Amino acid sequence: MNSISYESEMNRSHGSYHIIKTDNPELKPWPSHIRVQFSLDIWSIFIILLSLFLFINRKHIPGIWHLRLLNGFRYTLKVSRPPVEPSTEHIFQPIVTESSAPLLEIDFNLHKTNSSYFADLDVSRTHLVCTLFAKGIEKMRGGTGAYTGANVPALGLALGAVSCNFRKEILPHQEYEVWSKILSWDNKWVYIVTHFVKKDKEMDRSSSLRSPSEKQDFATATSETAESADRIFATALSRCVWKMGRKTVAPDDMFRAAGLLPAADDEAADKEMLQLIEDTRQKGLRRANGLVHENQKALEAEFCSYNGKILDFHEDGTGMVGVLNTLLQLAHLRARMFQRLMKA
């Protein structure tokens, strides 16, 4: 009876290979000894695949979100600021960042999961305020370094509320742009509107802070077209407040510190421009009405005033008990499906 035997050997100079011996005469076309050299073992393949997976999903590697924010913080440094200093005409202009939807952001419906939009919002807002208010942040903090020695409380922009309306889905690995701009402000809050839009390579990419041109009227800059509206995936509204330690910094003070608004007693200020800014601010404030603090307090009352029974109490699935129950339930479902297939 013919037999085939396999032997494995290791050659230090040539790596790993196999010797195949056979007594079967029907296999004469093959040499009696076949050496197959393997340049990659299973661990090398695993490391390469893991590295590729992490690279594709690098947005979700632990610590990357913080690095993305630091990338926005650097625009407060003088060496990273654009050549043109932000001024009154730049208040309502958007900052644009680019991103894409990796596999780890895809939900059961095979598009970007709703929760992942808010991480992109954090990054986009950071780029906006660190670019637009860089001069004001430096003045309020007493410098741009991590430690300024000015002996003043920490300055930051705190998020008070955020909402997001989803219009179209973002598909796996689809590239998109995030546009954020100042919508309005009141005595305490700054309202920032953000649009997630389809990337358009043919769109004008000229920057007013890097290639200065003629001043653009606010009404012309904000005119809406059906074509631009069709590019929108989602629209978000954020309500933020400037804080220095526990003290609230009025938005007007930050705008003036950043050189975006003239001093209140500046007689040389362009009255027509200031009136246009005020009209735009009031218009934006009406649109931000849904996140006005008084309306949010009314929603909080829905919880505070409820004293009845709850519907039920569930684990969210991340605890040990929740994970085990989920796996056991899935195993039970698969067993039942297998039994049905066997009966059929």
Side-chain angles (χ1 to χ4, degrees), residues 59 65 68-69 71-75 82 84 86-101 105 111-112 114-134 157 159 161-171 173-185 189-213 215-240 258 260 277 280-281 283-285 287-288 290-291:
K59 280 178 66 176
W65 178 84
R68 294 171 70 194
L69 291 186
N71 181 47
F73 290 154
R74 69 184 176 90
Y75 287 98
V84 179
S87 61
T88 304
E89 63 180 286
H90 301 111
I91 292 178
F92 298 105
Q93 291 183 358
I95 197 84
V96 181
T97 57
E98 296 181 340
S99 191
S100 61
E105 284 188 354
H111 55 64
K112 180 178 172 69
N114 296 347
S115 61
S116 64
Y117 284 79
F118 295 94
D120 290 337
L121 282 174
D122 293 336
V123 176
S124 183
R125 283 193 306 265
T126 301
H127 279 268
L128 175 66
V129 298
C130 289
T131 300
L132 198 58
F133 294 94
L157 185 71
L159 180 64
V162 61
S163 68
C164 191
N165 295 324
F166 305 100
R167 181 175 181 179
K168 292 182 179 180
E169 69 276 6
I170 297 179
L171 302 178
H173 295 292
Q174 183 174 0
E175 295 181 338
Y176 57 90
E177 295 175 343
V178 186
W179 293 51
S180 287
K181 70 173 185 176
I182 299 294
L183 177 66
S184 185
W185 65 93
W189 303 99
V190 177
Y191 297 91
I192 298 175
V193 62
T194 302
H195 299 97
F196 293 80
V197 302
K198 184 178 181 181
K199 189 173 181 180
D200 186 359
K201 296 181 180 179
E202 298 180 358
M203 190 173 182
D204 184 14
R205 288 292 193 278
S206 59
S207 168
S208 61
L209 296 182
R210 300 190 182 276
S211 55
S213 57
K215 293 184 179 180
Q216 187 177 32
D217 185 81
F218 293 148
T220 304
T222 57
S223 59
E224 183 179 350
T225 63
E227 183 179 355
S228 60
D230 191 57
R231 295 176 54 208
I232 298 176
F233 293 120
T235 300
L237 179 62
S238 304
R239 190 189 72 193
C240 309
L260 300 174
I277 290 175
T280 306
R281 185 186 74 87
K283 179 182 177 182
L285 202 57
R287 292 183 173 181
L291 284 187

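Computed from a predicted structure; not experimentally measured.
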For side chain to side chain contact (heavy atoms under 4.5 Å, CB included), just list the numbers for Tyr75 and Ile95, CA-CA rounded to whole Å, side-chain angles, deciding distance to a tenth of an Å, and then say yes or no. CA-CA 12 Å; Tyr75 287 98; Ile95 197 84; over 6 Å; no

Apply side chain to side chain contact (heavy atoms under 4.5 Å, CB included) to the pair Arg125 and Leu157, showing each step before the final yes or no. CA-CA 10 Å; Arg125 283 193 306 265; Leu157 185 71; 5.7 Å; no

Output, in order, the C-alpha distance, side-chain angles, deciding distance and verdict of side chain to side chain contact (heavy atoms under 4.5 Å, CB included) for Ser100 and Glu175. CA-CA 4 Å; Ser100 61; Glu175 295 181 338; 4.2 Å; yes

Stepwise side chain to side chain contact (heavy atoms under 4.5 Å, CB included) test for Val178 and His127: CA-CA 11 Å; Val178 186; His127 279 268; over 6 Å; no

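For the atom pair CD of Gln93 and NZ of Lys181, the computed distance is 10.0 Å after rounding to the nearest 0.5 Å. In this structure, OG1 on Thr280 lies 10.0 Å from CG on Leu183, to the nearest 0.5 angstrom. To the nearest 0.5 angstrom, Ser99 atom OG is 8.5 Å from Ile170 atom CD1. Summarising the geometry, atom CG belonging to Leu69 is positioned 6.5 Å from atom CG belonging to Asp122; distances are rounded to the nearest 0.5 Å.
Inter-residue side-chain proximity for Lys168 and Ile232 is flagged as unmet; no heavy-atom pair is nearer than 4.5 Å. Put simply, the side chain of Ser238 reaches to within 4.5 Å of the side chain of Leu159, judged on heavy atoms. Within the 4.5 Å cutoff, the side chain of Leu128 has heavy atoms near those of the Ile182 side chain. Here the side chains of Ile192 and Leu237 are not in contact, with every heavy-atom distance at 4.5 Å or above.
Taking both residues in full, the closest heavy atoms of Gly284 and Ser184 are given as C-CB, 3.6 Å, listed atom of the first, atom of the second, then distance. Closest non-hydrogen pair, Leu260 versus Ser87, comes out as CD2-O, 3.4 Å.
Below 30°, between 30° and 60°, or above 60°: for Tyr176 and Phe196 the angle between ring planes is between 30° and 60°, a tilted geometry.
The 12-atom threshold is exceeded at CZ of Arg167, counting heavy atoms of other residues, nucleotides or ligands nearer than 6.0 Å.
For Trp179, the side-chain hydrogen bond (donor to acceptor under 3.5 Å, both in side chains) criterion is met by Glu177, not counting sequence neighbours. Residues passing the side-chain hydrogen bond (donor to acceptor under 3.5 Å, both in side chains) test with Ser180 are Ser124, Thr194, sequence neighbours excluded.
Salt bridge Asp120/Lys59: present, at least one basic N to carboxylate O contact under 4.0 Å. A salt bridge is absent between Lys198 and Asp230; no separation between the charged side-chain nitrogens and carboxylate oxygens falls under 4.0 Å.
You'll find the ring centres of Phe166 and Tyr117 inside the 6.0 Å limit.
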